Amino acid sequence: MKIKSAEFIISNSDVAKCPNNKFPEYAFIGRSNVGKSSLINMLMQRKNLAKTSGRPGKTQLINHFLVNKNWYLVDLPGYGYARVSKSAKKVFQKFITQYFQKRQQLVLAFVLIDCRHEPQKVDLDFMQWMGENQIPFAIIFTKADKLKPNAIKRNVENYTNTMLETWEEMPPHFITSSSKGTGRDEVLAYIDSINNELPAH
Ligand code: GTP
Ligand code: MG
């Protein structure tokens, strides 16, 4: 899919105030610092469309970006970030939960996982919750530039085996590097294929 335009539309903490047209949207979720905002910039080939930082906790709101004037990418705050105060965490959790439970336009969430790490409970629990709430998701293993191909393969296999302890099948998954552009074509083609199956809006 060719990206002809990508524009920031609105940030907010209230799902009721998100854009109210019918365009399909794809949300990026995962632990703080996993690379959600960087991935959005990589997919759009724009350096500073979504704000990124080396320090976790950068994205604090629901951010809508309109792509090709007919679908949205949504950048969300991370979960599982210990240095945000407990009360801030609760507020994040509340609006993220509401976003996933209420947002009709949400077609699919990408759950981002750092490819270097062993499966973490917070991610597995989150995906379990997505399953229980019947929210479709795919997995993106990020920061592939940090590991050699063999190590990535081993970690993805390990992750798959862990998922298969509770899931019937491994969800669709992708391997990306925002610094190298790895996985860009695959993720965009996947979004395009879903957009093409949706009824006209
Ligand atoms: P929050 O908004 O805090 O939840 O974080 P986030 O998930 O949006 O992460 P962000 O995109 O801000 O990136 C966090 C850090 O990881 C930054 O220092 C990025 O430069 C770095 N980073 C993100 N993606 C990659 C990648 O593919 N490769 C490498 N080497 N670094 C990455
Ligand atoms: Mg972010």
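These values consider heavy atoms only, across backbone and side chains, with no hydrogens, waters or symmetry-generated copies. These figures come from a predicted structure and were not determined experimentally. All ligand and atom numbering here is 1-based and tracks the order in the structure.
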Reported [atom1]-to-[atom2] distance for the pair [X] and [Y], which is rounded to 0.5 angstrom:
X	Y	atom1	atom2	answer
Tyr99	Asn12	OH	CG	11.0 Å
Glu7	Lys69	CD	NZ	4.0 Å
Phe8	Ile40	CZ	CD1	11.5 Å
Asn68	Met44	CG	CE	7.5 Å
Asp75	Thr59	CG	OG1	4.0 Å
Thr176	Glu186	OG1	CD	10.0 Å

Considering only protein heavy atoms, which is closest to [atom], and at what distance to one decimal place?
atom	answer
atom 18 (O) of ligand 1	Gly54 CA, 3.3 Å
atom 27 (O) of ligand 1	Ser178 N, 2.7 Å
atom 7 (O) of ligand 1	Lys36 NZ, 2.7 Å
atom 9 (O) of ligand 1	Gly35 N, 3.2 Å
atom 31 (N) of ligand 1	Lys143 CD, 4.2 Å
atom 24 (N) of ligand 1	Ser38 CB, 3.7 Å
atom 12 (O) of ligand 1	Ser53 N, 3.1 Å

[X] neighbourhood, listing ligand 1 atoms whose heavy-atom distance to it stays under 4.0 Å:
X	result
Gly78	4 (O)
Val34	7 (O)
Lys58	1 (P), 2 (O), 3 (O)
Pro56	3 (O)
Ser177	27 (O)
Gly57	3 (O)
Ser37	8 (O), 11 (O)

Review point. Can you tell me if an N/O/S atom from Ser37 lies under 2.8 Å from the Mg ion (ligand 2)?
Key: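 For Ser37, the answer is yes, given that an N, O or S atom comes within less than 2.8 Å of the Mg ion (ligand 2).
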Review point. With a cut-off of 2.8 Å, does any N, O or S atom of Thr59 fall short of it relative to the Mg ion (ligand 2)?
Key: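 A backbone or side-chain N, O or S atom of Thr59 is under 2.8 Å from the Mg ion (ligand 2).
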Practice item. If the plane angle is over 60° it's perpendicular, under 30° parallel, otherwise tilted; pick one for Phe141 and His173. Key: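 Taking His173 first and then Phe141, their aromatic rings stand perpendicular (interplane angle over 60°).
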Check your understanding: When the ring planes of Phe100 and Phe126 are compared, do they come out parallel, tilted or perpendicular, using 30° and 60° as the limits?
Key ->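 Ring orientation, 0 to 90° scale: perpendicular.
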Check your understanding: Considering only heavy atoms from C-beta outward, does the side chain of Leu43 approach that of Phe28 to under 4.5 Å?
Key ->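 They are in side-chain contact.
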Practice item. For the residue pair Tyr26 and Ile194, establish whether any side-chain heavy-atom pair is separated by less than 4.5 Å. Key: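 Result yes, sub-4.5 Å side-chain heavy-atom pair found.
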Review point. If you measure from each non-hydrogen atom of Asp145 to ligand 1, which part falls under 4.0 Å: side chain, backbone, both or neither?
Key: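 Side chain only.
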**Study point:** Met42 and ligand 1 - part of the residue with a heavy-atom distance under 4.0 Å
**Key:**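 It is neither part, as no heavy atom is under 4.0 Å.
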Point to revise | Connected via hydrophobic side-chain network under 4.5 Å: Leu124 and Leu164 | key: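 Cluster IDs for Leu124 and Leu164 differ.
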Review point. Going hydrophobic residue to hydrophobic residue with side-chain gaps under 4.5 angstrom, can you get from Val111 over to Trp129?
Key: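 Same cluster.
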Practice item. Indicate yes or no: does an N/O atom of Leu76 lie under 3.5 Å from an N/O atom of ligand 1? Key: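 No, no N or O pair falls under 3.5 Å.
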Review point. Relative to atom 2 (O) of ligand 1, which among Thr59, Asn33, Ile29 owns the nearest non-hydrogen atom?
Key: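 It is Thr59 that holds the nearest heavy atom.
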